[in-house]
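If you read the sequence from its start, that first residue is 1, and numbering goes on from there.
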Amino acid sequence: MTFKTKLLLITILPLIAVSLLIGAATYYQSLELIAAETKAVEQRVLASKRQEIRNYVSLALTSIEQIYNDEPNGRETAQEEVKEILQNLTFDYDGYFFVYTLDGTNIVHPKLPHLVGGNWWDLRDDNGDFVIRNLIAAAKSGGGFHQYVWHKPSTGSVEEKLGYAILLDKWGWMLGTGLYTDDIAREVSAIRADFSRSIRQTLLVTFMITLAAIIIAGSLIAGVRFSEQRFADTKLKELTNRIFQVQEQERKRVSTELHDSISQLLVSVRYGVEMIHSEANRHPDLQSQAAKCLKTLDGTIAEVRRISRDLRPSVLDDMGLAAALGSLGKEFQNQSGITVNVTAEQCHTRLSEGAKTALYRVVQECMTNVARHAQASEVNISLKVGLQNLFLSVEDNGVGLPRPLPKSGGLGFRNMRERIETYGGKLTLSRRASGGTRIKVQMPLDNPAAKAA
């Protein structure tokens with residue numbers, strides 16, 4: 001094997017190997033993200049439908065409440081009036097109400113009138129589920145949901161349906177309604193398609209970069225002569241150094257994103273599980289399961305993938321910075337048991353959205369550090385809005401900073417400072433005289449540079 005061939009293999013094979021590893025890691029991490037995202041979508045849409053169904057049931061109860069309670073002109077007349085109201089009470093394209101007696105006899109069904117008068121106690125859906133039995137059981141238990149498959153009037157097909165049933169105990173009736181959930185599957189499929197397209201694009205870009213690198217390396221090495229070996233070695237070192245620089249830059253960016261977003265959420269969850277583990281001394285099985293969960297969370301924190309730089313906490317968009325800090329403090333207090341006092345003034349439109357996100361992330365990082373290191377029992381968060389500047393402080397009564405005080409702090413402190421300085425602000429770290437740590441932020445309001453950022 002010639003020297004040129006060896007040099008070619010030494011250069012190209014590592015590029016191919018690294019590209020394959022990057023492609024494989026991207027692919028599998030993307031699969032995990034798809035699974036997590038689709039699950040979150042399913043849960044969000046399902047929760048929305050549950051609330052929507054409850055609202056419809058409340059509307060129906062309001063419509064029949066007076067007749068049901070007072071029974072004017074006798075019970076039979078009242079029941080007939082209620083049947084008529086429910087028969088005509090529909091919503092959406094496929095929304096309606098149905099009524100069964102507790103022995104499974106249908107007395108109201110606007111969409112399938114052939115069911116009225118029949119006993120359907122033993123009716124099963126296509127999955128073998130006893131639909132009417134389970135809906136009546138849910139109603140008897142105080143009202144509840146049950147998922148099954150049922151005829152969809154608008155399409156004529158059998159689809160998944162989320163039903164909700166309550167008990168009209170005075171008359172021995174089960175009143176129910178529901179919403180079809182086939183749209184959830186469509187939304188999940190659309191999300192999967194978008195992610196799959198992104199994965200293909202990422203792999204294609206990786207392949208093109210690898211191919212370009214191979215072509216460049218091959219072209220350089222093909223022209224190398226033995227007399228130019230030193231020159232080739234120098235160029236190869238420069239290329240290697242450049243690759244290392246790019247890798248370090250990418251690692252720093254990814255580290256910043258992971259440290260400032262998903263990591264805090266996972267650490268918060270881990271803290272809660274750790275509390276369960278420490279309090280489960282009398283329940284070995286629970287303690288063992290909690291220990292497994294802690295181990296899984298540790299692995300997840302290590303493997304969590306890149307977060308988009310412009311990701312924003314939804315609470316900021318929905319309620320603003322002051323309310324978001326209050327929500328963050330309450331959530332941290334519930335999870336950690338540490339008392340959190342939040343005093344926050346509204347800054348409204350006097351601060352850019354990016355600056356609000358930066359301040360929120362700083363407080364998030366502070367709370368993470370308190371949970372990890374401070375051994376504190378109380379945290380005070382203060383947000384004050386002046387004429388030209390905004391002032392934020394986070395104080396705890398924990399063990400305080402180590403001595404001597406670090407000049408630059410760790411990765412988290414450096415990330416916080418970089419975030420604040422991006423918007424023209426200043427962040428300082430100090431010890432409290434009474435013990436504990438204090439972080440102060442001063443940021444200008446109506447800052448043109450911040451708005452541009």
Side-chain angles (χ1 to χ4, degrees), residues 255-276 278 294 297-298 300-301 304 307 311-345 347 351 355-384 390-402 406 409-420 425 427-432 434-443:
S255 176
T256 300
E257 293 295 341
L258 293 178
H259 198 281
D260 289 346
S261 59
I262 293 181
S263 177
Q264 285 80 358
L265 302 178
L266 291 176
V267 167
S268 179
V269 174
R270 189 191 187 284
Y271 195 91
V273 176
E274 193 171 30
M275 289 183 63
I276 295 174
S278 63
L294 285 172
L297 279 172
D298 289 337
T300 303
I301 293 172
V304 67
I307 303 302
L311 181 66
R312 288 183 58 80
S314 61
V315 67
L316 280 174
D317 298 319
D318 297 338
M319 297 181 291
L321 179 60
L325 293 180
S327 175
L328 177 64
K330 184 182 297 183
E331 180 182 356
F332 180 81
Q333 179 172 302
N334 292 337
Q335 292 175 348
S336 66
I338 300 173
T339 301
V340 180
N341 303 312
V342 180
T343 304
E345 298 177 359
C347 55
L351 204 61
K356 292 178 183 178
T357 301
L359 291 169
Y360 182 88
R361 292 300 188 198
V362 166
V363 176
Q364 225 177 17
E365 174 63 21
C366 291
M367 305 305 282
T368 300
N369 290 335
V370 169
R372 286 178 175 173
H373 313 297
Q375 303 177 23
S377 62
E378 185 177 12
V379 180
N380 295 312
I381 301 173
S382 173
L383 179 70
K384 296 183 179 180
L390 177 145
F391 303 93
L392 171 69
S393 70
V394 181
E395 303 179 351
D396 67 71
N397 63 349
V399 297
L401 296 168
L411 177 63
F413 182 74
R414 184 165 64 252
N415 290 341
M416 288 191 290
R417 173 169 287 172
E418 290 174 356
R419 282 181 177 273
I420 297 303
L427 185 145
T428 58
L429 176 68
S430 62
R431 299 187 189 91
R432 295 178 63 198
S434 57
T437 303
R438 176 188 293 113
I439 290 182
K440 285 188 174 183
V441 175
Q442 179 178 335
M443 182 176 290

Quiz item: Quick one: CG on Asn380 to CZ on Arg438, what's the gap to the nearest 0.5 Å?
Solution: 10.0 Å
Practice problem: Would you name the heavy atoms of Gln375 and Val399 that are closest together and state the gap between them? | Solution: OE1-CG1, 3.7 Å
Quiz item: Taking all non-hydrogen atoms of both residues, which atom of Ile338 and which atom of Val379 are closest, and how far apart?
Solution: CG2-CG2, 4.0 Å
Self-check item: Flag side-chain contact, heavy atom, 4.5 Å: Met367 against Ile381
Solution: yes
Quiz item: Which heavy atom in Asn341 sits nearest to a heavy atom in Glu378, and how many Å separate them?
Solution: ND2-OE2, 2.6 Å
Exercise. Report yes if the side chains of Ser434 and Asn397 come closer than 4.5 Å at any heavy-atom pair, otherwise no.
Key: no
Self-check item: Side-chain touch Leu392/Met443, heavy atoms, less than 4.5 angstrom
Solution: no
Practice problem: Answer yes or no: are there more than 12 heavy-atom neighbours, outside Glu345 itself, under 6.0 Å from its atom CD? | Solution: yes
Quiz item: Looking only at heavy atoms, what is the nearest atom pair of Phe332 and Ala371, with distance?
Solution: CE1-CB, 3.8 Å
Quiz item: Can you check side chain to side chain contact (heavy atoms under 4.5 Å, CB included) on Leu359 and Ile420, steps first, answer last?
Solution: CA-CA 7 Å; Leu359 291 169; Ile420 297 303; 3.9 Å; yes
Quiz item: Taking atom CG of Leu429 and atom CG of Asn369, what is their separation to the nearest 0.5 Å?
Solution: 9.5 Å
Self-check item: Rounded distance [0.5 Å steps], CG in Leu427 versus CD1 in Ile439
Solution: 6.0 Å
Self-check item: Side-chain heavy-atom pair Ser382, Glu395 within 4.5 angstrom cut-off
Solution: no
Practice problem: Run through Asp396, Val394, Val340, Thr437 and flag the one making a side chain to side chain contact (heavy atoms under 4.5 Å, CB included) with Val370. | Solution: Asp396
